[in-house]
Amino acid sequence: SLLKGHNIPWVFQNQKHRIESSLLNIPVADDAEVSTRKKTFAEVQTERQDQAERTVLIKCPSKINEKKLLQYLSSHGNVKSHFFFENRGINALIEFSEKSSIASLQDAVGIPSATEHHVVPFKSRLFTFTLKNPVSQHVEETPLHLSPQCHIPVKDLIQKLCLADSISSQMYMLLNEYQLTEENIKLRFLACSLVRDFTRAYFPDSTVKPFGSSVNTFGKLGSDVDMFLDFHNTGKHATKMKKGPFEMEYQMKRLPSERLATQRILSVIGDCLDNFGPGCVNVQKILNARCPLVKFSHQPTGFQCDLSVSNSIATRSSELLYIYGCLDSRVRALVFTIRCWARVHGLTNSAPGTWITNFSLTMMVMFFLQRRSPPIIPTLDQLKELADEKDKHIIGGYDCSFVSDLTKIKPTKNTEPLDVLLAEFFEYFGNFDFRKNSINLRKGKEVNKPEPSPLYIWNPFEQDLNISKNVNQPQLEKFVAMARESAWILQKEDKTQQIIDKEPWGLAALLIPFGRSNSSKMKNRKGIGSETIRGLLDSLKLNNANSQQKAVGK
Ligand code: CTP
Ligand code: MG
């Protein structure tokens, strides 16, 4: 079952249980209830979108009385859930039980007079809570809980990790600190829903949906929101129409290419957000990219957003990763660990460039997990075999079908602990023949590279695309060198000694930029074959702690 983890220290069992349950939006179940069916990706998405449509954002004064606020709101309807967070002051996210409560609230607020502010007559779901009388003294002030929307700095994380009792628990600790919270997920869906309010002004049937790391279970607090404009409903109507004798002219000019249509749509939406979107700032249209998009900061939620037009294949990748992330608790813990490790060592970067992206890195972890014996996650071809009629998706001539019902996938028999997987990951990619082989998640096999890009990872759906085409040789070499160095550090580990010396140990030691002495060692080892390194590692393992320290040159 999803809720049963392998090799998790008991302290984290409960937390993990709670986190996964909330992420999937399922009630926390007792062990007796673990048979509760896990929700499909589509079910979770629909539920979250529906939730977001019943949600408003309220800017609050710094001395806010929670009870009073809720009391005011209750006259408009039942508040189903709420939380407070800090973002240029205190804000409250309020989820009503009924959508009609929003209209009631909108009707009850005054519109700024047109002579003072030249407002555009559009009622948004952003409010400010102002009280004429400041909080009366006799009201008991209970401290407000502010839900954190970003993760702790790496240096604080390293300190925390040192208190754990094993590398595996360090990895779960990292996951726990970095992963999206229930509140942050709600805020992400709200941001999409608020943008949708604008796109509907132009395209009444459109929706705005998040994709990428906001929904694939690998999102980190602080990461951007990838969203796309979807006309799916319109498409459905169009196929229905074909049955009758009529053809309809859409309220848009016919354009010679889909790309041009995408660019035109994004161009007007970009202008609309720029001119009228409350709190939408730094709107940048990047229409000539391979995948045209509009970038902007959404100040009310505090997110950096990337808006593109419906990209069905990217949605399929999001769902595929969601499935992998739900299958076994080790999957997400390993991905978060590797992503954090890569960021610390400058292997990934938030700016686009020749480095490996988080998406490619995640695919590399998935591939590694497919290669374990027995495998921890199935190949894409195996997931396709489990697909039924409703899972059928053919997009642009590519068969993107795979099973959506998680319960149809047999749990793995692999019980390797996370610390072993971490060391093996570094070992595996430290010795991978990148010159000859490519990474293919559909087959779960290393296959000959079809073209000479330094790093070749097959796009699982558009089989002729390399998702890591941007990576150059020096970046790949850096990745390999860091992986080798990390494998080596884990091998020579002497936890007891490191704790006595008050040095970071285990994962904490891997999250500190490798010093100059380390990098010179790395240079010396560059070009040595994997056999030599393995021999070196084995000989080190046999030595005692003292001589290990000498060999490292500390
Ligand atoms: N994507 C893709 N092919 C690529 C790059 C991206 O199909 N070469 C799709 C993937 O579905 C990916 C999504 O676009 O999840 C968003 O891309 P990106 O923001 O780069 O990756 P995320 O998975 O969102 O990771 P991050 O947390 O770094 O944003
Ligand atoms: Mg992203």
Side-chain angles (χ1 to χ4, degrees), residues 41 45 149-151 174-175 178-180 184-185 188-189 191-192 208-230 262 286 289-298 303-325 331-332 335-344 346-367 380 393 395-396 398 400 402 438-442 453-471 475:
F41 179 77
Q45 299 309 298
Q149 303 303 322
C150 56
H151 61 76
L174 183 148
L175 172 65
Y178 276 39
Q179 70 182 341
L180 302 184
N184 191 267
I185 295 174
R188 282 169 188 264
F189 276 84
C192 293
V208 175
K209 295 175 179 170
F211 71 104
S213 67
S214 297
V215 296
N216 67 16
T217 74
F218 297 106
K220 183 184 85 168
L221 286 175
S223 68
D224 298 357
V225 181
D226 303 294
M227 44 178 88
F228 68 87
L229 192 57
D230 193 24
T262 297
I286 306 170
R290 192 182 73 85
C291 182
L293 78 158
V294 173
K295 266 185 179 299
F296 60 96
S297 311
H298 190 252
F303 290 122
Q304 176 62 43
C305 305
D306 282 358
L307 174 70
S308 50
V309 167
S310 184
N311 182 343
S312 325
I313 292 211
T315 317
R316 295 305 282 162
S317 330
S318 301
E319 176 162 357
L320 178 66
L321 287 179
Y322 168 89
I323 288 179
Y324 283 146
V331 177
R332 294 173 62 238
V335 169
F336 275 76
T337 301
I338 297 296
R339 281 186 172 203
C340 182
W341 166 84
R343 188 70 189 89
V344 164
L347 297 171
T348 53
N349 195 305
S350 49
T354 56
W355 28 75
I356 302 178
T357 61
N358 275 333
F359 181 60
S360 295
L361 207 51
T362 308
M363 290 302 193
M364 288 169 86
V365 178
M366 295 308 127
F367 184 70
L380 182 50
H393 280 85
I395 304 166
Y398 297 103
C400 304
F402 57 85
S438 64
I439 292 169
N440 188 316
L441 282 103
R442 182 167 280 284
S453 297
L455 174 61
Y456 198 105
I457 305 173
W458 297 75
N459 181 313
F461 303 110
E462 285 168 282
Q463 281 282 305
D464 39 3
L465 284 184
N466 172 13
I467 64 164
S468 50
K469 207 179 170 65
N470 63 312
V471 178
Q475 285 300 326

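Counting starts at 1 for both ligands and their atoms, following the listed order. Reckoned from all heavy atoms, side chains included, excluding hydrogens, waters and symmetry mates. One is the number of the first residue; the rest follow in order along the sequence.
Checking Y398 against N459 by side-chain atom types alone, no donor-acceptor pair falls below 3.5 Å. A donor and an acceptor atom, one from each side chain of R339 and T348, are nowhere located under 3.5 Å apart. Residues Q149 and N184 bring a donor and an acceptor atom of their side chains to less than 3.5 Å of each other.
The OG atom of S468 sits 3.5 Å away from atom CG of L455, with the distance rounded to the nearest 0.5 Å. To the nearest 0.5 Å, the span separating OG1 on T337 from CG on L174 amounts to 5.0 Å.
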Exercise. For F211 and F228, what are the C-alpha separation, side-chain angles and deciding distance, and is it a ring pair (Phe, Tyr, Trp, His ring centres under 6.0 Å)?
Worked result: CA-CA 7 Å; F211 71 104; F228 68 87; 5.6 Å; yes
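Taking the six-membered ring for Trp and the full ring otherwise, H298 and F303 have centroids separated by 6.0 Å or more.
Relative ring orientation between F336 and F218 is described as tilted, the plane-to-plane angle lying within the 30° to 60° band.
Under 2.8 Å from the Mg ion (ligand 2), one finds the following protein N/O/S atoms: D226 OD2.
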Run through all N or O atoms in ligand 1 and write down each protein N or O closer than 3.5 Å, as a pair with its distance.
from: ligand 1; atom 1: 11 (O); to: A314; atom 2: O; distance (Å): 3.2
from: ligand 1; atom 1: 19 (O); to: D226; atom 2: OD1; distance (Å): 3.4
from: ligand 1; atom 1: 19 (O); to: D226; atom 2: OD2; distance (Å): 3.1
from: ligand 1; atom 1: 24 (O); to: S213; atom 2: N; distance (Å): 2.9
from: ligand 1; atom 1: 24 (O); to: S213; atom 2: OG; distance (Å): 3.3
from: ligand 1; atom 1: 24 (O); to: D226; atom 2: OD2; distance (Å): 3.0
from: ligand 1; atom 1: 27 (O); to: S213; atom 2: OG; distance (Å): 2.9
from: ligand 1; atom 1: 28 (O); to: N358; atom 2: ND2; distance (Å): 3.0

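With contacts defined as side-chain heavy-atom distances shorter than 4.5 Å, the pair L293/L307 does not qualify.
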